[in-house]
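Step one of this worksheet: look at the structure below.
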Amino acid sequence: MTDDANAPWLIVGLGNPGPEYAGNRHNIGFMVVDLLAERIGGKFKRAQKAQAQVVEGRLGPVGPANRRVVLAKPMSYMNLSGGPVTALRDFYKVPTAHVVAIHDELDIDYATLRLKLGGGDNGHNGLKSMTKSMGPDYHRVRCGIGRPPGRMQVADFVLKDFSSTERKELDWFVDRSADAVECLVTDGLERAQSAYNA
């Protein structure tokens with residue numbers, strides 16, 4: 001698999017399947033790929049070769065920067081994301097450097113973004129599973145959710161819905177995250193970092 005400009009991109013929103021998790025902080029990755037699917041006019045359908053839902057389409061302006069993309073939501077639980085993502089990567093012949101994971105990030109303030117290539121998993125079970133399956137050399141769009149208040153356990157915090165205060169900014173945050181993904185895919189990491197990294 002060569003990392004060439006014509007290879008498709010696999011854009012993965014990390015989250016947990018099922019309506020009971022839909023509004024959780026842990027599911028911001030799903031929210032962002034849902035918006036991207038809306039932007040390209042696609043509907044998620046079950047993937048043939050993986051436990052995931054996918055939308056295929058093109059992202060970015062018409063012309064040379066337009067990119068072929070596969071948007072994906074693994075339908076395993078978060079801590080098993082690596083299997084479906086690797087199966088999709090292999091099926092669509094996507095270089096690992098063209099895989100983008102969109103995920104919640106505790107160590108960044110709420111509504112703040114950071115983009116990077118490679119690195120550790122920072123205790124995030126979805127990233128841990130992906131890295132175990134295919135190595136660390138994929139892009140991450142890290143959507144800040146902040147730390148739990150007081151003595152609340154991390155697991156309880158990420159599996160709770162956004163607060164009413166957070167929800168006032170949530171649409172804007174999801175929209176900005178989708179813009180950052182689009183910029184990453186069409187203009188490259190450096191440009192996306194300078195435009196969106198806070």
Side-chain angles (χ1 to χ4, degrees), residues 9-17 21-36 52 71-74 76-82 84-85 96-185 188-198:
W9 285 76
L10 174 60
I11 299 168
V12 181
L14 292 179
N16 286 309
Y21 298 106
N24 288 180
R25 293 182 177 93
H26 223 18
N27 270 42
I28 193 159
F30 274 19
M31 297 173 197
V32 175
V33 290
D34 281 340
L35 179 58
L36 287 166
L71 306 176
K73 296 192 286 188
S76 59
Y77 283 91
M78 177 73 88
N79 58 345
L80 300 172
S81 301
V85 175
T96 301
H98 277 207
V99 175
V100 181
I102 308 164
H103 64 93
D104 57 310
E105 177 64 66
L106 289 159
D107 287 336
I108 301 174
D109 290 342
Y110 177 65
T112 301
L113 282 174
R114 299 268 167 76
L115 289 83
K116 69 174 189 173
L117 174 62
D121 56 56
N122 210 17
H124 192 287
N125 288 331
L127 297 181
K128 202 174 285 184
S129 178
M130 282 181 63
T131 297
K132 191 175 172 188
S133 284
M134 60 184 191
D137 300 325
Y138 53 90
H139 286 87
R140 296 102 191 276
V141 175
R142 305 159 72 205
C143 303
I145 60 168
R147 303 292 307 182
R151 297 188 174 182
M152 188 189 286
Q153 293 295 312
V154 164
D156 294 333
F157 179 69
V158 299
L159 293 176
K160 276 198 169 20
D161 286 2
F162 287 99
S163 69
S164 54
T165 308
E166 289 168 335
R167 279 200 296 272
K168 289 175 185 162
E169 275 191 279
L170 185 59
D171 285 348
W172 172 85
F173 185 28
V174 169
D175 195 60
R176 184 170 165 79
S177 303
D179 289 346
V181 171
E182 204 163 322
C183 184
L184 167 63
V185 167
L189 179 62
E190 278 184 29
R191 188 167 295 187
Q193 285 174 324
S194 65
Y196 293 97
N197 274 19

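The structure displayed is predicted, hence computed values, not measured ones.
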N/O donor-acceptor pair under 3.5 Å between Ser129 side chain and Asn125 backbone: no

Nearest-0.5 Å distance that lies between atom NE2 in His103 and atom CD1 in Ile145: 10.5 Å

Whether Ser81 side chain and Met78 backbone form a donor-acceptor pair below 3.5 Å: yes

Test item: Pro148 and Asp156 side chains (from C-beta on) under 4.5 Å apart, heavy atoms: no

Closest approach of Phe162 to Asn24 (non-hydrogen atoms, all atoms of both residues): CE1-O, 3.8 Å

Glu190 side, atom CD; Leu117 side, atom CG - distance, nearest 0.5 Å: 11.0 Å

Derivation and outcome, side-chain contact (heavy atoms from CB on, under 4.5 Å), residues Leu189 and Leu184: CA-CA 5 Å; Leu189 179 62; Leu184 167 63; 3.9 Å; yes

Minimum-distance pair of heavy atoms, taken over all atoms of Gly15 and Phe30: N-CE1, 3.4 Å

Residue list, side-chain contact (heavy atoms from CB on, under 4.5 Å) with Asp137, at least two apart or on another chain: none

Positive for side-chain contact (heavy atoms from CB on, under 4.5 Å) with Ile28, one of Ile102, Val158, Leu170: Leu170

Rounded distance (nearest 0.5 Å) linking atom CZ of Arg176 with atom CG of Leu35: 14.0 Å

Value rounded to 0.5 Å, distance of SG in Cys143 from CG in Asn27: 12.0 Å

Gap separating the OG1 atom of Thr96 from the CE atom of Met134, nearest 0.5 angstrom: 6.0 Å

Shortest non-hydrogen contact from Leu115 toward Asn197: N-OD1, 2.7 Å

By side chain to side chain donor-acceptor pair (under 3.5 Å) - contacts of Asn16 (at least two apart): none

Within residues 111-121 or reaching into it, pairs that qualify as salt bridge (charged side-chain N to carboxylate O under 4.0 Å, His left out) - sequence neighbours excluded: none

Ser194 side-chain N/O to Arg191 backbone N/O, donor-acceptor pair under 3.5 Å: yes

Gap separating the NZ atom of Lys73 from the CD1 atom of Ile11, nearest 0.5 angstrom: 14.0 Å

Closest contact, heavy atoms only, Tyr138 versus Ala101: CE1-CB, 4.0 Å

For Asn122, side chain to side chain donor-acceptor pair (under 3.5 Å) partners two or more places apart: Glu105, Asp107

Under 3.5 Å side-chain donor-acceptor pair for Tyr196 and Ser177: no

His139 side-chain N/O to Ala97 backbone N/O, donor-acceptor pair under 3.5 Å: yes

By side chain to side chain donor-acceptor pair (under 3.5 Å) - contacts of His124 (at least two apart): Asp104

side-chain contact (heavy atoms from CB on, under 4.5 Å) evaluation trace for Leu14 with Leu127: CA-CA 9 Å; Leu14 292 179; Leu127 297 181; 4.1 Å; yes

Closest non-hydrogen atom pair between Leu106 and Arg147, with its separation: O-CD, 3.4 Å

Minimum heavy-atom distance between Val85 and Val99, given as atom pair plus value: CG1-CG1, 4.3 Å

Pairs meeting criterion salt bridge (charged side-chain N to carboxylate O under 4.0 Å, His left out) with involvement of residues 157-169, two or more places apart: Arg25-Glu166

